[in-house]
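So that the names make sense, note that chain A is the first sequence line, chain B the second, and so on, each numbered from 1.
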Amino acid sequence: MRFSFPWTFTYRAVSRRFKAILKEYTPLVESVGLDEAFMDVTQSPHGFPEQIAREIKRRIKREIGLTAFVGVGPNKLLAKIASDLNKPDGLTVIRDNDAAKILAELPTSKLWGVGKKTEKRLRKLGIETIGQLASALLDDLISAFGEKWGMALHEHARGMDESPVIPFHEPKSMGRELTYQRDTANLDVIKRTLFRLVEQTVGEMNRRGYRARTIALKLRTSDFTTTTRADTLQEPTASLKTIWQKALKMLSAYSMEKKLHLVGIRVSNLEKVR
DNA sequence: TCTGGGGTCCTAGGACCC
DNA sequence: TCTGGGGTCCTAGGACCC
């Protein structure tokens with residue numbers, strides 16, 4: 001099951017209340033961003049998935065004042081596709097039996113992970129609908145998209161998805177970035193921005209109890225080309241001084257030929273502090 | 001639409017080791 | 001010696017998600 005409401009209405013407090021409601025029905029709630037979540041209600045004592053969905057929709061309306069759209073399906077893939085079919089206020093159920101029929105007519109872009117680029121590549125192969133994708137040869141998909149991605153496309157086009165609902169993921173990275181209203185090449189301004197972003201990132205690391213080994217600087221110029229520079233330390237750190245020095249060093253090594261549109265910092269290779 | 005901010009995953013290629 | 005192959009770690013960039 002998947003719930004979501006229009007993101008323009010989303011802010012943290014609303015998001016927390018939304019998630020709290022879902023957790024009353026099952027501990028198996030997987031957040032996807034602020035405004036969307038998967039629930040596994042196969043073991044829930046609160047009724048059939050459809051009943052639960054209807055009740056949660058009513059509660060979100062009453063307690064938060066927002067409409068939610070929800071899809072019910074035998075797996076996450078089909079639940080998500082179902083929820084997409086009835087934005088912004090519906091409830092759609094896809095059952096195993098009618099999955100193939102429903103998928104067949106949909107464009108490939110409805111599939112998880114198929115964006116503009118992949119859609120275009122598929123179209124070049126003569127594939128526009130999920131049904132056409134389902135009848136494509138696995139070998140052809142693998143040679144076009146690689147082993148992993150080819151297999152995933154092949155399975156997803158058939159509505160197959162075994163991925164479990166996972167309530168908690170360890171973060172892989174955290175960071176902050178800022179887009180300038182007016183692009184700048186003023187190094188003082190950029191340094192001040194970067195320092196603030198580093199401070200915020202380190203603040204979050206300490207609050208959540210993580211240290212990082214890799215520090216990456218992200219820069220985007222006026223013409224929208226993005227550059228990243230990364231540096232990996234011997235030992236993980238959550239020290240403002242260490243991370244700031246690394247960030248500054250990478251910034252200084254960058255030859256500023258165009259104005260900057262965006263500055264960002266991201267830390268990865270995280271380790272939980274005990 | 002001239003494009004916000006937070007993320008994840010994948011790939012290619014280089015360095016280095018055995 | 002110049003001939004590898006495999007594994008691991010790392011960087012940089014791209015595609016994608018909400």
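Rounded to an integer number of Å, the gap from CE of A:M205 to P of B:dG6 is 15 Å. As rounded to whole Å, 16 Å separates atom P of B:dG6 from atom CG of A:D35. In this structure, CG of A:L34 is placed 18 Å from P of B:dG4, rounded to the nearest angstrom. Between the NZ atom of A:K76 and the P atom of C:dC17 there is a distance of 15 Å, rounded to whole Å. Atoms CH2 (A:W112) and C1' (B:dG7) sit 11 Å apart, rounded to a whole Å. One interatomic measurement links the two molecules: CD of A:E170 to C1' of B:dT8, which rounds to 15 Å at whole-angstrom precision. Between the NE2 atom of A:H169 and the C1' atom of C:dC17 there is a distance of 13 Å, rounded to whole Å. Whole-Å rounding puts the A:L178 CG to B:dG4 P distance at 10 Å.
Of the candidates A:K117, A:R123, A:K116, A:R123 is the only one forming a salt bridge (Lys or Arg N to Asp or Glu O under 4.0 Å) with A:E119. Partner A:R176 forms a side chain to side chain contact (heavy atoms under 4.5 Å, CB included) with one of A:E204, A:E199, A:R266 and no other, that one being A:E204.
When atom types are taken as modelled, the side chain of A:R121 and the backbone of A:A144 share a donor-acceptor pair closer than 3.5 angstrom. The backbone N or O of A:K110 lies less than 3.5 Å from no partner atom in the side chain of A:D84, so there is not a single donor-acceptor pair.
Checking the phosphate oxygens (OP1, OP2) of C:dC17, no side-chain nitrogen or oxygen of A:K80 falls inside 4.0 Å. Note on A:R176: a side-chain N or O is less than 4.0 Å away from OP1 or OP2 of B:dG6. Of the side-chain N and O atoms in A:H261, none sit less than 4.0 angstrom from OP1 or OP2 of B:dC2.
Comparing B:dT3, B:dG7, C:dC18 by their nearest atom to the side chain of A:S173 picks out B:dG7. Closest to the A:E204 side chain, of the nucleotides B:dG5, C:dC18, B:dG7, is B:dG7. Candidate nucleotides B:dT3, B:dC9, C:dC18 were compared by shortest atom distance to the side chain of A:K172, and B:dC9 ranks first.
With sequence neighbours left out, A:S222 forms a side chain to side chain contact (heavy atoms under 4.5 Å, CB included) with A:D183, A:K259.
Crowding of A:F48 atom CZ: a count of heavy atoms from other residues, nucleotides or ligands under 6.0 Å not exceeding 12.
Within the 4.5 Å cutoff, no side-chain heavy atoms of A:T225 are placed close to those of A:K258.
Note on A:R121: nothing from the nucleic acid sits closer than 4.0 angstrom, heavy atoms only.
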**Message:** Protein within reach of the bases, or only the backbone? For nucleotides 10-16 of chain B, mark each nucleotide 5' to 3' as B, S or -, using heavy atoms under 4.0 Å.
**Reply:** S------
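Base pairing of B:dC9: its partner is C:dG14, meeting the Watson-Crick or G-U wobble criterion (both donor-acceptor distances under 3.5 Å).
Rounded to whole Å, the P atom of B:dC2 lies 22 Å from the corresponding atom of C:dC17.
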